[in-house]
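What follows is a set of notes on a single structure, which appears directly below.
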Amino acid sequence: MNQNKVIITVVGKDTVGIIAKICTYLADSHINVLDISQTIVQDFFNMMMIADIAGCEKAFDTVQNDLVELGKNIGVEVKCQREEIFERMHRL
């Protein structure tokens with residue numbers, strides 16, 4: 001398991017620019033998006049990303065908090081978890 005992989009989830013009412021704003025933050029922070037899936041069900045937006053934070057100079061906690069705040073500013077809920085934590089939480 002890669003220690004640098006994180007799972008980012010974004011959920012909320014669909015509006016213009018959600019992906020752009022999240023991806024701009026990630027790019028500015030040197031975080032590489034490895035995989036992305038997004039759906040819109042009626043007016044609700046749901047996105048899951050796998051990203052690599054190896055090139056990011058910010059602490060993981062800072063990235064986590066920045067994404068939460070960014071989500072609040074654009075009206076969605078954003079969570080960022082290390083891959084190993086996500087795996088443990090969702091193991092059957």
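Throughout, residue positions are numbered sequentially from 1 according to the sequence presented.
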Residue from Thr15, Asn46, Asp14, Val10 passing side chain to side chain contact (heavy atoms under 4.5 Å, CB included) with Val76 = Val10
Asp28 side, atom CG; Asp66 side, atom CG - distance, nearest 0.5 Å = 11.0 Å
May I ask whether Met47 and Ile31 are part of the same hydrophobic cluster, defined by side-chain heavy atoms of I, L, V, M, F, W, Y residues being less than 4.5 angstrom apart, directly or through others?
-> yes
Cluster check Val11, Phe44: I/L/V/M/F/W/Y, side chain < 4.5 angstrom = no
Cation-aromatic face contact Lys13/Phe45, 6.0 Å, 45 degrees | no
Heavy-atom side-chain proximity of Gln81 to Val6 below 4.5 angstrom = no
Hey, quick one: are Ile40 and Ile36 part of the same hydrophobic cluster, counting side-chain heavy atoms closer than 4.5 Å, chains of contacts allowed?
-> yes
Counting distance only, does the side-chain N/O of Thr62 pair as donor-acceptor with the main-chain N or O of Lys58 below 3.5 Å?
-> no
Side-chain contact test, heavy atoms from C-beta onward, threshold under 4.5 Å: evaluate it for Asn4 versus Glu83 and give yes or no.
-> no
Sidechain N-carboxylate O distance under 4.0 Å for Asp52, Lys5 = no
Would you sort out whether Leu26 and Ile8 count as a side chain to side chain contact (heavy atoms under 4.5 Å, CB included), showing the intermediate values?
-> CA-CA 11 Å; Leu26 298 176; Ile8 300 166; 3.9 Å; yes
Pick one: which of Ile74, Leu70, Val68 meets side chain to side chain contact (heavy atoms under 4.5 Å, CB included) with Lys72?
-> Val68
Cluster overlap Ile7 with Ile53, hydrophobic side-chain contacts below 4.5 Å = no
Check whether Ile19 and Val78 end up in the same hydrophobic cluster, where Ile, Leu, Val, Met, Phe, Trp and Tyr are linked by side-chain heavy atoms less than 4.5 Å apart.
-> yes
Do the non-hydrogen side-chain atoms of Val63 and Cys56 ever get within less than 4.5 Å of each other?
-> yes
Determine, step by step, whether Met49 and Asp35 satisfy the side chain to side chain contact (heavy atoms under 4.5 Å, CB included) criterion, reporting the C-alpha distance in whole Å, the side-chain angles of both residues, the deciding distance to 0.1 Å, and the verdict.
-> CA-CA 6 Å; Met49 305 171 99; Asp35 201 357; over 6 Å; no
Side chain to side chain contact (heavy atoms under 4.5 Å, CB included) between Leu34 and Asn32, intermediate numbers included = CA-CA 6 Å; Leu34 302 174; Asn32 187 34; 3.5 Å; yes
Take atom CG in Asp43; do more than 12 heavy atoms of anything else shown fall under 6.0 Å from it?
-> no
